[in-house]
Structures are given as structure tokens and as C-alpha cells.
Amino acid sequence: MTQRAAAVPLALTGLAVLGAVWWAATAEGGVLAQRFAPQATLASLALLLQQPDFLLHLWVSLRRVLAGLGMALIVGVPVGLLVGAARSVDTALSPAFQFLRMISPLSWMPVVVMVFGVGDRSVLFLLAFAGVWPIVLNTAAGVRSLDARWLMLARSLAATPTEMLTRVIVPGVVGHALTGLRLAIGVVWIVLVPAEMLGVNAGLGYFILDTRDRLAYSELLATVIVIGAVGTLLDSAARRLLRWWRPG
């Protein structure tokens with residue numbers, strides 16, 4: 001049995017323990033049992049996954065996440081390359097980056113609404129802002145960790161700056177950028193739900209508000225389960241991509 005196959009029973013055990021805690025928390029009756037009982041929640045989950053409207057909300061959220069990550073990559077990778085390659089740029093920009101990175105993206109919500117208004121543009125800005133920092137920092141770290149002998153060899157072969165960038169630097173930092181992307185997925189997925197409460201009319205965050213307003217608590221918790229499951233699948237996809245690029 002491979003190590004990965006041996007880990008499956010342990011993972012299932014952890015999920016079973018989580019389910020047992022959920023069942024025990026609602027077993028004594030009362031408000032919790034009425035609103036968040038496992039049986040009612042799982043029944044609502046099965047129904048939601050068959051509803052085209054709910055699947056549309058899920059698709060809208062995934063589309064926003066992919067767009068936000070794409071924007072973060074477009075900005076983060078070049079900035080990370082520049083910061084990692086030029087010490088003077090790193091010295092000039094690092095304090096500003098650290099300052100901005102430590103501000104919760106959700107703190108910008110009132111400002112973003114005043115600038116962009118409610119809707120997709122505000123949500124995408126918050127997602128991109130949340131995801132850009134792990135990509136910048138990991139890409140810069142990748143540039144700094146490049147083997148100096150590679151650079152010396154490229155220079156000795158009279159490589160042009162463009163060739164140095166495309167054939168030495170970029171291939172050498174892709175693994176670090178993918179690590180940053182994996183971290184960014186986690187941050188963006190967490191920010192997504194509250195960001196989708198900014199006046200949009202579709203998405204998982206909107207659907208959670210809708211279930212709250214309708215007092216449909218079993219649907220609300222079922223949606224939370226979907227959020228956790230989809231986030232786990234996104235992280236698993238990022239890990240697989242990283243393993244594909246850096247096997248072993």
C-alpha cells in the first residue's frame with residue numbers, strides 16, 4: 001500500500017470525527033437540532049445539488065474566483081520577478097507591500113463600494129487584492145533562490161536579457177509561483193463569501209444571505225458544506241498542479 005493510499009483511511013476517520021461532533025452538538029434537541037440537524041441538512045444538500053439555480057450560484061462564484069486569481073497572477077508574477085531580481089526595488093517596495101498585505105481585504109469594502117459601486121467590479125477587486133500578495137512574495141522568493149550557477153552559465157553563453165528571463169528565470173520560479181497560487185486560492189476563497197454580500201444578485205455569498213432571510217437554516221448549513229467541499233477541491237487541484245510541475 002502506498003503512502004498516499006494509506007492516508008485515505010486516516011482522512012476518512014477525521015471526517016467521521018467531525019461528523020460525530022456535529023451529530024453530538026445537535027443530538028440533545030432544542031434550537032440547534034431544529035435548525036442544523038445533520039439529517040435535515042444532508043437532505044437539503046441533496047436537493048440543492050439538483051437545483052439549476054443553486055448550481056448557477058456556484059458557477060458564478062467559481063467564475064469570480066478564477067477571474068480574481070487571473071488578475072492576481074497577471075499583476076503578482078511580474079511584480080514578484082521585479083522585486084526578486086532588483087534589490088533596490090525590493091528595498092523601496094517591501095515596506096509598502098508589507099503595510100498593504102497586513103490590511104484585511106474586507107477592510108476595503110466601504111472604500112471599494114464608493115469607488116466601483118456594488119456589483120462584480122467591487123468583488124473582483126477584493127478577490128484580486130486578497131490573492132496578489134502570496135503570489136508576489138513567493139515569486140520574489142523563487143527569484144532569490146535561483147542557483148547563481150545557472151545565471152553565470154547563461155551569461156557565459158551570451159544570453160540576452162530576454163533569453164535570461166524566458167529560459168532561466170521564469171522556468172526556475174514557476175514552482176514558487178504555483179505555491180503562491182495555492183496560498184492565494186485559500187485566501188481568495190475565504191474572502192469570496194463576504195465579498196459577494198456587496199449587493200450582487202448571484203453567488204454563494206448572496207445565496208447564504210438569501211437562506212438567512214428565508215429562515216432556511218438547513219439550506220444555509222448545506223451551502224456552508226458546499227463551500228468547504230469546493231474549497232478543498234480547489235486546493236487539491238492546486239496541489240496536484242504543483243506536484244506535476246515538481247514531481248517528488
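When reading the values below, keep in mind they use all heavy atoms of this one structure, side chains included, and skip hydrogens, waters and symmetry mates. Count residues from 1 along the sequence.
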Listed once per pair and sorted, the salt bridge (charged side-chain N to carboxylate O under 4.0 Å, His left out) pairs that draw on residues 113-139, sequence neighbours left out: R64-D120

From [X] [atom1] over to [Y] [atom2], what is the distance, rounded to the nearest 0.5 angstrom?
X: M109; Y: F125; atom1: CE; atom2: CZ; result: 12.5 Å
X: L215; Y: L220; atom1: CG; atom2: CG; result: 10.5 Å
X: R239; Y: T232; atom1: CZ; atom2: OG1; result: 9.0 Å
X: L192; Y: L126; atom1: CG; atom2: CG; result: 10.5 Å
X: L55; Y: L62; atom1: CG; atom2: CG; result: 10.5 Å
X: I208; Y: I227; atom1: CD1; atom2: CD1; result: 3.5 Å

With sequence neighbours excluded, residues passing side chain to side chain donor-acceptor pair (under 3.5 Å) with S122: none

With sequence neighbours excluded, residues passing side chain to side chain donor-acceptor pair (under 3.5 Å) with R212: none

[X]: partners by side-chain contact (heavy atoms from CB on, under 4.5 Å), with sequence neighbours left out:
X: D90; value: V83, S94, R144
X: S107; value: I103, S104
X: A20; value: none

Set of salt bridge (charged side-chain N to carboxylate O under 4.0 Å, His left out) partners for R101, sequence neighbours left out: none

Set of salt bridge (charged side-chain N to carboxylate O under 4.0 Å, His left out) partners for R214, sequence neighbours left out: D210, E219

Those residues that, when tested against W108, pass ring-ring contact (aromatic ring centres under 6.0 Å, His included) (two or more places apart): F129

Taking every non-hydrogen atom, the tightest pair across E196 and V200: O-CG2, 2.9 Å

Closest contact, heavy atoms only, L127 versus G68: CB-CA, 4.2 Å

For residues 36-48, run the donor-acceptor check on the side chains, cut-off 3.5 Å, and write out each pair with its distance to 0.1 Å, sequence neighbours left out.
residue	atom	partner	partner atom	Å
T41	OG1	A37	O	2.9
S44	OG	A40	O	3.1
S44	OG	S218	OG	2.7

List the atom pairs, donor and acceptor, that lie under 3.5 Å between side-chain atoms in residues 10-17 and the rest of the protein, sequence neighbours left out.
residue	atom	partner	partner atom	Å
T13	OG1	P9	O	2.7

Scan the side chains in residues 136-143 for donor-acceptor partners under 3.5 Å anywhere in the protein, sequence neighbours excluded, and list what turns up.
residue	atom	partner	partner atom	Å
N138	ND2	P134	O	2.7
T139	OG1	I135	O	2.7

Beyond-backbone contact of Y206 with T211, side-chain heavy atoms, under 4.5 angstrom: no

